[in-house]
Number of protein chains: 2
Amino acid sequence: MSSRNLNATAASLLGFLHEGPLTGWDLVATAQQRIGDFWSLTQSQVYRELAAMAADGLIEAGERGPRDRRPYLITDAGRAAFAQWLGRNPDEETIRFPLLLIVVFGRYLPPERLAEIVSHHRKLHAARLAEYERAREQLTAGPADAYHLAPLDFGIRYEQAALAWFDALPPEIRGAA
Amino acid sequence: MSSRNLNATAASLLGFLHEGPLTGWDLVATAQQRIGDFWSLTQSQVYRELAAMAADGLIEAGERGPRDRRPYLITDAGRAAFAQWLGRNPDEETIRFPLLLIVVFGRYLPPERLAEIVSHHRKLHAARLAEYERAREQLTAGPADAYHLAPLDFGIRYEQAALAWFDALPPEIRGAA
DNA sequence: TGGTACATGTAACATGTTACATGATTAG
DNA sequence: CTAATCATGTAACATGTTACATGTACCA
């Protein structure tokens, strides 16, 4: 019961556990699929948070199943902690964009190399946009779920804005016309 | 000379030191102003990286000036390390967007509260857009500097996309019409 | 029967955050 | 003379990343 206060990663795990017991492994997969586009986490982190939350009484481990699967269930204390976290004003987003650092210091790089880096990243964004659009088709095929659609819609708008930015870059950065 | 390889934060400090010697304090201010919108760093981190880079021979401390100001100058090894870092393929950006977590779990929150949170964040984004636009006016007033303008342009497009997203949210999330 | 995917966990380290301690200089 | 700002730095801790160790079950 060390009772640190909940971070967003731990809180998200509690969120998923509202839908039923899940193992660490399942939680990693669920989180990557459902929030991975705007909230990254690793397997190590998940097991660490699960151990801490179990110690704090927010979750409880069930019996081990096949392959040592160990499902966790949320407790009433866990539900309360989640509700408390959810009602707080969330922090503003942080963006860490290494490519923009390269651009800022672009004068120190041979122009062709800069253009190559930029063009490579444009491709990555185009691919992500395509992926998001496929995901949206899948989501909108089933019953409407505004809460899942909204973040995806953000991703789509974000990638569209990014592509427009790439295309508007001046020749010093983007390379030959 | 422990020679870890350069992280983006340390590399950025080296980038700024190309323009002349700066103290830790100056570097914090410079970094926050020039790259703070897409690469956050704290004062603690800067002093830590400076100590590490000095130990690695990438920078050298000059004589202490008034108020114990301690300017650092980049060495040839530092310039080489920077060039090497700059030429690498940068990682993809990471976005950590707590508001989207709240939205994903929005079904567990009273609708008015969700709408309130969302509306508050919309205001923050509108304010950031206004700030960026002011900054762009200032930048475009002087001699054109594509390398600084480009990241700012990204910020503007990003905030515009964000605002459009807010305005397109369905009533379940955004609140009453 | 051998490879792949499933599953848990630890260790070590890098990075990021918050708070504090200390003192110098400047402006009012 | 006093408050604000400048300036350096440390300490403690939270979070994020990478690599590894161990073993299970399924499927071709």
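As the structure is a computational prediction, the values presented were derived from the model and not from experiment. Letters go in sequence order (proteins before strands), and every chain restarts at 1.
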Pairwise 5' ranking along DNA chain D for A/Ser40 and B/Gly24, keeping only the more 5' one: B/Gly24
Starting at the 5' end of DNA chain D and moving along, which residue's nearest nucleotide shows up first, B/Thr94 or B/Asp26? B/Asp26
Could you check how far CZ of A/Arg48 sits from P of D/dC13, rounded to whole Å? 15 Å
Can we say B/Asp37 and B/Arg128 salt-bridge, meaning some charged N sits less than 4.0 Å from an Asp/Glu carboxylate O? no
To the nearest angstrom, how far is B/Trp25 atom CH2 from D/dA4 atom C1'? 11 Å
What's the CD-P distance between B/Glu63 and D/dA7, to the nearest Å? 17 Å
Rounding to an integer number of Å, can you tell me how far B/Gln45 CD sits from D/dA11 P? 18 Å
Salt-bridge test for A/Glu112 and A/Arg174: reply yes if a basic N is under 4.0 Å from a carboxylate O, no otherwise. no
May I have the distance from A/Leu22 (atom CG) to C/dC6 (atom C1'), rounded to whole angstrom? 15 Å
side-chain contact (heavy atoms from CB on, under 4.5 Å) between A/Ile102 and A/Leu109: does it pass, once the steps are laid out? CA-CA 9 Å; A/Ile102 304 296; A/Leu109 208 52; 3.9 Å; yes
May I ask you to decide whether B/Asp26 forms a salt bridge with B/Arg70, counting only side-chain N to carboxylate O separations under 4.0 Å? no
Given atom CG of B/Asp91 and atom P of D/dT17, what is their separation to the nearest angstrom? 10 Å
B/Glu172/B/Arg107 salt bridge by N-O under 4.0 Å criterion: no
Whole-Å distance separating the CG atom of B/Asn5 from the C1' atom of D/dT18: 13 Å
Quick one: what's the B/S/- string for nucleotides 19-28 of chain D, heavy-atom cutoff under 4.0 Å, read 5' to 3'? B----BBS--
For side-chain contact (heavy atoms from CB on, under 4.5 Å), just list the numbers for B/Ile173 and A/Tyr147, CA-CA rounded to whole Å, side-chain angles, deciding distance to a tenth of an Å, and then say yes or no. CA-CA 8 Å; B/Ile173 294 171; A/Tyr147 302 109; 4.0 Å; yes
Does a side-chain N or O of A/Tyr47 approach OP1 or OP2 of C/dG9 to a distance below 4.0 Å, or not? no
Are B/Glu116 and B/Arg122 close enough for a salt bridge, meaning some N to O gap below 4.0 Å? no
B/Arg69 CZ to D/dT5 P, in whole Å, measures 17 Å
Side-chain N,O (B/Asn7) to OP1/OP2 (C/dA14) below 4.0 Å: no
Please determine if a side-chain N or O atom of B/Thr23 lies less than 4.0 Å away from the OP1 or OP2 oxygen of D/dT8. yes
Respond yes when some side-chain nitrogen or oxygen of B/Arg64 is under 4.0 Å from OP1 or OP2 of D/dG9, and no when none is. yes
